Amino acid sequence: YSLLITITLITLFSVLGIFILETKSLRSENLTNQYLYIQAKNHKNFLKDYLKSIDLTNINHFEINDDLFDIYAKVEPKNSTFVIDIFVKAKDYDISLYERVVKE
């Protein structure tokens with residue numbers, strides 16, 4: 001009986017240990033994704049504010065070099081306005097943001 005109880009307890013604690021480790025791993029991954037999303041949103045807002053403040057007459061493509069993100073904008077002149085498509089994508093993670101802005 002003691003061998004059966006020992007095997008049962010080892011199995012039970014192994015399953016609980018795996019469940020706890022999976023939960024911690026998932027929580028860590030979610031925190032990483034949340035951090036990167038906030039950082040990508042800050043990059044997008046900065047680029048939007050910057051592009052609204054400069055003259056876009058001769059600019060078709062604008063890019064910012066970054067280690068973690070691909071940050072770029074496509075500028076398209078239409079009549080007296082500019083349509084700006086802003087893209088921010090994480091290089092190593094599945095996080096990407098897009099926004100279309102019209103500058104008059």
Side-chain angles (χ1 to χ4, degrees):
Y1 288 111
S2 64
L3 182 60
L4 181 62
I5 292 173
T6 304
I7 292 173
T8 305
L9 287 175
I10 288 174
T11 305
L12 179 67
F13 286 126
S14 296
V15 169
L16 286 174
I18 290 172
F19 178 72
I20 290 170
L21 290 176
E22 285 178 351
T23 303
K24 286 188 177 200
S25 174
L26 185 60
R27 184 178 300 143
S28 173
E29 187 174 335
N30 284 341
L31 285 174
T32 301
N33 287 339
Q34 182 181 14
Y35 168 76
L36 288 172
Y37 176 78
I38 291 170
Q39 191 173 4
K41 193 173 178 182
N42 288 338
H43 285 308
K44 180 181 65 75
N45 289 336
F46 169 77
L47 185 57
K48 178 174 71 170
D49 293 340
Y50 179 71
L51 289 175
K52 282 186 169 183
S53 68
I54 65 172
D55 182 26
L56 299 172
T57 308
N58 296 324
I59 299 174
N60 292 332
H61 183 80
F62 189 85
E63 185 173 356
I64 296 176
N65 294 328
D66 189 74
D67 294 336
L68 297 176
F69 293 94
D70 292 325
I71 307 166
Y72 61 96
K74 295 180 181 178
V75 180
E76 184 178 329
K78 291 202 175 186
N79 300 331
S80 63
T81 63
F82 292 96
V83 177
I84 307 166
D85 293 319
I86 300 172
F87 302 91
V88 178
K89 183 175 182 341
K91 290 182 180 179
D92 298 330
Y93 294 91
D94 191 25
I95 294 173
S96 61
L97 298 175
Y98 164 78
E99 184 174 352
R100 176 170 273 188
V101 179
V102 176
K103 179 183 175 185
E104 298 180 8

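Side chains are part of it too, since the values below use all heavy atoms of this structure and drop only hydrogens, waters and symmetry mates. Predicted model, so just to flag it, every value in this text is computed and none were measured. Along the sequence shown, residues carry numbers from 1.
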> As an exercise, state the distance from OH of Tyr37 to CG of Asn42, rounded to the nearest 0.5 Å.
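Reported to 0.5 Å precision, the distance equals 10.5 Å.
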
> Decide if atom CG of Asn58 counts as having more than 12 heavy atoms of other residues, nucleotides or ligands within a radius under 6.0 Å.
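No, the 6.0 Å shell around CG holds no more than 12 heavy atoms from other groups.
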
> For residues Leu36 and Phe69, report the shortest heavy-atom separation together with the two atoms involved.
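Scanning both residues, the minimum pair turns out to be O-CZ, 3.6 Å.
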
> For the CG atom of Asp49 and the NZ atom of Lys44, what is their distance to the nearest 0.5 Å?
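One finds 9.5 Å between CG of Asp49 and NZ of Lys44.
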
> Which atom names give the shortest non-hydrogen contact between Lys91 and Asp67, and what distance separates them?
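Reported closest heavy-atom pair: CD-O, 3.4 Å.
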
> Which pair of non-hydrogen atoms, one from Leu4 and one from Thr8, has the smallest distance, and what is that distance?
O-OG1, 2.7 Å

> Can you check salt bridge (Lys or Arg N to Asp or Glu O under 4.0 Å) on Glu76 and Lys74, steps first, answer last?
CA-CA 7 Å; Glu76 184 178 329; Lys74 295 180 181 178; over 6 Å; no

> Do Tyr72 and Tyr98 land in one hydrophobic cluster if side-chain heavy atoms of ILVMFWY residues count as linked below 4.5 Å?
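Yes, same cluster.
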
> Of all the heavy-atom pairs spanning Leu56 and Phe82, show the shortest one and how long it is.
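Looking at all heavy atoms of both residues, the shortest contact is O-CE2, 3.4 Å.
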
> Please determine whether the number of non-hydrogen atoms from other residues, nucleotides or ligands lying under 6.0 Å from atom NZ of Lys24 exceeds 12.
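Atom NZ in Lys24 is not crowded, with 12 or fewer foreign heavy atoms closer than 6.0 Å.
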
> Linking I/L/V/M/F/W/Y whenever any side-chain heavy atoms sit under 4.5 Å apart, do Ile84 and Ile59 land together?
yes

> Establish whether Val83 and Leu51 are linked, either directly or via other cluster members, by ILVMFWY side-chain heavy-atom contacts under 4.5 Å.
no

> Any side-chain to backbone donor/acceptor pair from Lys103 onto Ile54? Under 3.5 Å, distance only.
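Yes: the side chain of Lys103 pairs with the backbone of Ile54.
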
> Which pair of heavy atoms, one from Ala40 and one from Leu97, lies closest together, and at what distance?
C-CD1, 3.5 Å

> Test of understanding: clusters of I, L, V, M, F, W, Y form through side-chain heavy atoms closer than 4.5 Å, transitively. Do Leu47 and Leu68 belong to the same one?
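Yes, because Leu47 and Leu68 connect within a single hydrophobic cluster, where side-chain heavy atoms sit under 4.5 Å apart.
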
> Can any side-chain N or O of Ser25 pair as donor or acceptor with the backbone N or O of Leu21 at less than 3.5 Å?
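Not a single qualifying donor-acceptor pair exists.
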
> Looking at Lys89 and Tyr93, what are the two nearest heavy atoms and their distance?
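Minimum heavy-atom contact is NZ-O, 4.1 Å.
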
